[in-house]
Amino acid sequence: MKRSLSIAVLVGGLVLAGCEGGYSVYATVPPPPGRYGVQGYAPGPGYMWTDGYYGYSGGRYVWNSGRWARPPRGRSHWEPGQWQQQGRGYRLRRGHWR
């Protein structure tokens, strides 16, 4: 019983360690330049704008529009996603609340 519990904790830790960086998508061609547009007014108090970003699906870049969202915690702020060159390709670090 102790051994299986130890293995479960170890595997869970490895899975969480892999998720910690926030990297999720890998592409071999650089992303296009970001888009700019009008974000309008917040739908209510406490909302923050989360920027749009290019995702990568089916071998091509796809634009995901920004949106208004409420932070999960009181003093959270939005860290926008970004593509970073890694080796011969590009990896997306998704946006997240910090």
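Every heavy atom of this structure was used, including side-chain atoms; hydrogens, water molecules and symmetry mates were not.
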### Task
Work out which heavy atom in P71 is nearest to a heavy atom in S76; give both atom names and the distance.
CB-CB, 3.8 Å

### Query
For R60, does the CZ atom have more than 12 heavy-atom neighbours from other residues, nucleotides or ligands under 6.0 Å away?
no

### Query
What heavy-atom pair brings R91 and Q86 nearest, and what distance separates the two atoms?
NE-OE1, 2.6 Å

### Task
For T50 and R67, indicate whether the former's side chain and the latter's backbone hold a donor-acceptor pair under 3.5 Å.
yes

### Task
Would you confirm whether W49, through its side chain, and G40, through its main-chain N or O, come within 3.5 Å as a donor-acceptor pair?
no

### Message
If I compare all heavy atoms of P45 with all of R70, which pair ends up nearest, and what's the gap?
### Response
O-NH2, 2.9 Å

### Task
Check whether any side-chain heavy atom of L92 lies under 4.5 Å from a side-chain heavy atom of Y54, and answer yes or no.
no

### Message
To the nearest 0.5 Å, what is the distance between CZ on R35 and CG on D51?
### Response
14.0 Å

### Task
Identify the two heavy atoms, one from G89 and one from Y26, that lie closest to each other, and give their separation to 0.1 Å.
N-OH, 3.1 Å

#### Entry: Nearest atoms (heavy-atom pairs only) where G55 meets N64
N-ND2, 3.4 Å

### Message
Check for me, please, whether W63 and W68 land in the same ILVMFWY cluster - side-chain distances under 4.5 Å, paths through other members count.
### Response
no

### Query
H96 versus R94: any side-chain heavy-atom pair under 4.5 Å?
no

#### Entry: Heavy-atom side-chain contact between W97 and W78 under 4.5 Å
yes

#### Entry: Y56 OH to W83 CH2 distance, which is reported to the nearest 0.5 Å
7.5 Å

### Query
Minimum heavy-atom separation for A27 to Y61, with atom names?
CB-OH, 3.4 Å

### Task
Output the distance between atom OH (Y53) and atom CZ (R93), rounded to the nearest 0.5 Å.
14.5 Å

### Message
Applying side chain to side chain donor-acceptor pair (under 3.5 Å), can you list everything that pairs with E79, at least two apart in sequence or on another chain?
### Response
H77

